[in-house]
Structures are given as C-alpha cells and as structure tokens.
Protein chains: 2
Amino acid sequence: MIRVLIVEDEPLIAEAHAAYTARIDGFQVLSVSHTAQQAMATLRTTPVDLILLDLNLPDMNGLELTRALRAAGIGTDVLVVTSARDLAVVRSAVSLGVTHYLLKPFTFATFREKLLGYARYRSQLLGAGQVPAQHEIDRAFAALRGTAPDSLPKGLDQNTLDLVLGVLRADPVPSGLSAAEVGARMGASRVTARRYLEHLAETGQVVRSPRYGGPGRPEVEYRRV
Amino acid sequence: MIRVLIVEDEPLIAEAHAAYTARIDGFQVLSVSHTAQQAMATLRTTPVDLILLDLNLPDMNGLELTRALRAAGIGTDVLVVTSARDLAVVRSAVSLGVTHYLLKPFTFATFREKLLGYARYRSQLLGAGQVPAQHEIDRAFAALRGTAPDSLPKGLDQNTLDLVLGVLRADPVPSGLSAAEVGARMGASRVTARRYLEHLAETGQVVRSPRYGGPGRPEVEYRRV
DNA sequence: ACCCTTGCGTTCATTCTGTTCACCGGCCTG
DNA sequence: CAGGCCGGTGAACAGAATGAACGCAAGGGT
C-alpha cells in the first residue's frame with residue numbers, strides 16, 4: 001500500500017484529490033495538509049511514500065518546500081499538481097526529483113495514469129533484488145516516466161490523431177479549417193478527418209464554428225483553442 | 001551546445017568520460033573536478049547544463065553533493081555514474097532529481113544513449129514554447145527516462161534485426177515500407193517483420209505513419225529517421 | 001414559398017492490424 | 001539418449017480504422 005500525503009490549500013480541491021487517490025488500488029491517503037508548515041510537521045512524524053503537492057501554497061512555494069525536504073534529507077517522492085505552465089518551473093521540478101508533473105485541470109484517467117506509473121516504478125525497484133543491473137534501472141526509470149497515453153476511444157488511432165493536430169498547427173491561417181481541407185492536407189478522406197476533429201471538439205481541444213458565404217449548406221470549420 | 005562538468009576523482013576515468021562526451025554531437029566538456037569542493041566552486045562561477053557525477057568522491061558522497069546543490073538553489077541536471085548497485089542509492093538519486101543513473105562499467109553506446117536522451121528532453125522542453133501542455137510535458141519526461149536498452153528484449157534476434165535494417169536501408173523509395181512489404185523482402189512473415197519494426201519504432205530508430213488511400217483500414221508504414 | 005446548391009452526418013463493405021497460440025529447433029538436465 | 005524448457009517464428013482470427021456512397025440539413029437565390 002502506497003501512503004500518500006496531499007498538500008493543497010484549497011479544501012475542496014484537496015478533498016477531490018483525496019477521493020481520486022482513494023479510488024485507485026494500492027494507494028491510501030494518509031493525511032491532508034493545507035500549508036507547507038503543516039506538511040513539514042506531518043512528514044517529520046509520519047512515514048509517507050508519495051506527496052501530491054500543489055505548488056501554490058499560502059506560506060511557501062511548493063518547490064521551496066521540496067527543496068527544504070531534500071535539504072533535510074527527506075527523500076519522499078513528490079508528484080507536482082499545478083496549473084503553472086511555466087518551463088522554468090517544470091525544469092526546477094525535475095531537478096528536484098519530482099516523479100511527475102500534472103497540469104490542472106486533469107481528468108481522472110490522466111491522474112490515475114500518473115499514479116499507476118509511479119506504482120510500477122516502485123514495484124520494479126523494490127522487487128528487483130539487491131543487485132540491480134543497468135537494464136533493470138532503465139526499466140524502472142522508464143516506468144516512472146514513460147506514460148501510457150490516455151487511451152483513445154475505439155475507432156481512433158494515435159498516429160492519425162497526431163497527423164490531424166499537426167495539420168491544424170501547421171495552418172498559416174489561424175482562422176480554422178473545414179474537415180474536407182484537413183482531410184486533403186493530411187492525405188486522408190473528409191470522413192476520417194471529421195472523425196478526429198469531432199473527437200478533438202468533444203475533448204475541448206478544438207472549437208467548431210459555421211462558415212457562411214456561398215450557396216449551399218455552410219461549412220463547419222475547426223479551430224484550435 | 002550542452003555544457004558538461006565531469007566530477008570524478010580517478011584522473012584516468014575522468015579523462016575517459018571527457019573523451020566519450022566530446023565524441024557526442026552537441027556536448028562540450030567545460031571542466032573536470034576531482035573533488036566535491038572543487039565541483040561546488042566551479043559551479044558557483046561557471047554556468048553548467050549537466051553534471052556527470054561519480055558518487056564515490058574523496059571528500060563527500062556524490063548524493064550529498066547533489067543535496068547541497070539543491071539546497072543552494074542550483075538546479076543543474078545531474079547524471080550519476082557509479083558502480084553502486086544499491087537500491088537505496090538509486091531511490092535517493094531519483095528523489096534528488098538525477099536525470100539518469102549509469103552503472104559502471106558501461107559501453108560507449110550505453111553512455112551515448114543516456115546523453116542523447118538528455119539532449120532530447122532538453123530540446124523538447126526548450127522548444128515547446130511558453131505554454132506547455134500536459135502531453136508535451138509527458139513527452140519530455142518520456143524522452144528523459146524512456147531509454148533504449150542495449151540488449152534486445154526477449155523474442156528478438158540480432159540477425160533478424162540486422163536483416164530488417166538492411167531492407168529498410170536498401171529501399172530505393174525513402175517513403176517508407178509497410179510491415180507486409182518488409183516481411184516479403186526479407187523472406188519472413190508480416191508478423192515477424194512487424195515485431196522488429198515496432199521495436200525499432202519504440203527505440204526511436206524508425207517512425208510509424210499511416211498510409212491512407214483506398215477503402216479499408218490504412219496501412220502503417222515505417223520509415224528510418 | 002419554392003427550388004437549387006453544397007456540405008454534413010452516417011452507414012457499411014473492405015482491408016489491414018494486432019494478438020494469440022501452436023510449432024519447430026536448439027540447449028540444458030538428468 | 002529421452003525429456004523438458006526456452007527463444008523465435010508464422011498461420012489463423014477477431015476486430016479496428018478507413019472511405020465510397022447516400023439521404024438529409026441548411027443555407028442562398030428568385
């Protein structure tokens with residue numbers, strides 16, 4: 001059982017994370033802290049395996065808390081949960097040894113994927129015996145970081161999805177593209193392009209809007225957000 | 001150009017690592033330290049991107065040096081090079097944010113693989129723009145940790161792998177080949193060809209892309225990078 | 001109102017994928 | 001030398017992803 005400490009100042013969100021964590025086999029929420037001070041105190045008295053850490057705390061930045069932990073010789077693994085889309089923050093987090101970096105908002109599937117990746121890493125290192133070989137270490141590192149992608153609904157293919165996204169990104173005119181245009185540019189049919197565009201629309205990565213003008217039914221154009 | 005500091009007490013080995021590093025495109029050996037004190041002093045005055053760190057130093061354990069760096073707010077990335085096959089050491093290293101853990105003795109191929117993995121991680125994070133999305137962070141983490149092991153996974157044979165690579169190289173059309181085509185050209189079944197092509201794809205030596213056209217499910221074509 | 005035009009949204013045959021499982025040959029063991 | 005095991009292969013199969021075809025929806029023109 002992996003013991004988890006949740007550090008999050010917003011009570012509602014902390015509650016949500018706790019509920020998420022409890023739903024995953026092998027994980028157990030040990031405690032919830034709302035400030036960095038509180039977290040430090042808890043960690044001094046209670047053995048914890050993994051910290052779910054919000055970076056935005058009232059009394060101290062989450063990265064500083066991590067640094068303080070490391071300085072104190074506490075090597076507990078940390079999973080950062082934040083809405084900070086800042087490259088410098090990501091790099092700092094990596095250098096401080098956080099196991100994963102999860103951007104808010106996230107779906108339960110994404111959340112679970114990260115926790116399960118951590119569980120894999122853990123079991124591989126613990127189960128490896130006393131004399132790990134290079135390839136065992138590699139496997140453990142890969143389990144830690146190599147993420148199983150959010151599984152797509154049936155009928156969709158990751159390669160094709162990447163192609164569609166590539167076409168949308170590469171479009172010089174940011175006004176949007178119709179399904180037929182996307183299909184032509186990626187070398188597939190309108191039907192296929194549409195399937196993926198609709199998926200992207202449903203998952204909020206793209207917006208649909210009608211394009212009026214000529215005679216006939218208006219076209220639907222898709223634009224990245 | 002990635003600036004590298006080598007920290008290794010044994011002069012001969014330090015020299016070897018420096019030579020290895022210099023042989024890899026994009027890496028530049030900035031300095032060599034033989035003690036932790038020396039390394040600290042160098043880092044205070046010189047900007048360094050990556051530290052190749054031997055754990056066994058005369059004046060201080062390498063992990064302690066790393067912890068001291070973090071405590072001092074120095075987030076330089078660290079690649080640990082050691083012969084310590086100790087699980088606790090590996091876990092500590094991870095929690096302190098080392099990018100890779102390389103067991104001595106190693107071949108040049110293994111060494112280069114780790115450095116190139118780091119270079120991939122770096123370029124992905126730097127090139128991502130200011131607003132990374134979750135999947136971009138995931139890709140960067142995967143590049144950092146997803147390693148291609150030297151030894152082939154079970155079920156694969158070096159001779160067959162060479163054959164597949166030969167077929168891909170000999171292809172006059174550089175547009176890519178399907179698994180069935182590769183299989184036919186090497187005199188093996190599609191299933192076998194696919195096994196090896198997928199391995200090559202996972203280790204980044206080959207890219208997969210769908211090939212659309214007529215009715216029916218699209219083919220996957222594999223192309224060397 | 002009415003028709004005309006044009007693209008949408010869906011269905012379904014088609015083709016290739018991904019996986020499983022039995023087989024074959026070599027190697028170690030008793 | 002028999003028997004079991006293991007690593008590598010391919011035949012067979014279930015089903016996944018695509019596009020041609022088609023009826024209908026949604027605009028403009030008169």
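Throughout, a chain's letter reflects where its sequence line sits, starting with A, and its residues are numbered from 1.
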Nearest whole angstrom, please: distance from the [atom2] of [N] to the [atom1] of [X].
X        : N      : atom1 : atom2 : value
A:Glu181 : C:dG7  : CD    : C1'   : 12 Å
B:Leu156 : D:dG8  : CG    : P     : 7 Å
B:Leu161 : D:dT9  : CG    : C1'   : 15 Å
A:Lys154 : D:dT18 : NZ    : P     : 15 Å
A:Gln158 : D:dT18 : CD    : P     : 12 Å
A:Tyr222 : C:dG7  : OH    : P     : 14 Å
A:Leu197 : D:dG19 : CG    : P     : 13 Å
B:Arg211 : D:dG19 : CZ    : P     : 14 Å

Of the listed nucleotides [options], the one nearest the side chain of [X]:
X        : options                : result
A:Arg208 : D:dG10, C:dG9, D:dT9   : C:dG9
A:Tyr196 : C:dG18, C:dG9, D:dA17  : D:dA17
B:Val191 : C:dT20, D:dT9, D:dA17  : C:dT20
B:Arg194 : C:dC16, D:dG10, C:dG18 : C:dG18

Would you please name every residue forming a salt bridge (charged side-chain N to carboxylate O under 4.0 Å, His left out) with [X], sequence neighbours left out?
X        : value
B:Asp162 : none
B:Arg3   : B:Asp49
A:Arg208 : A:Glu198
B:Arg67  : none

Does any N or O donor sit under 3.5 Å from an N or O acceptor when you compare the side chain of B:Arg195 with the base of D:dG10?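 Flag set: donor-acceptor pair detected.
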
Can you confirm whether A:Tyr118 sits close enough to A:Leu79 that some side-chain heavy atom of one is under 4.5 Å from a side-chain heavy atom of the other?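 SC-SC contact between A:Tyr118 and A:Leu79 ruled out.
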
Any idea which heavy atoms bring B:Val182 and B:Ala193 closest together, and the distance? CG1-CB, 4.0 Å

Does B:Ala180 reach a base, just sugar-phosphate, or nothing at all? Heavy atoms under 4.0 Å.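 No contact.
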
Does D:dG10 have OP1 or OP2 sitting under 4.0 Å from an N or O in the side chain of B:Thr192? yes

Give a yes/no on whether any side-chain N or O of B:Thr160 is located under 4.0 angstrom from OP1 or OP2 of D:dG8.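 B:Thr160 to D:dG8 OP1/OP2: no side-chain N or O under 4.0 Å.
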
Hits for ring-ring contact (aromatic ring centres under 6.0 Å, His included) against B:Tyr20, two or more places apart or cross-chain, chain-then-number order -> B:Phe108, B:Phe111

Could you run through nucleotides 22-30 of chain D and give me one letter per nucleotide, 5' to 3': B if any protein heavy atom sits under 4.0 Å from the base, S if only the sugar-phosphate is that close, - if neither? ---BBBS--

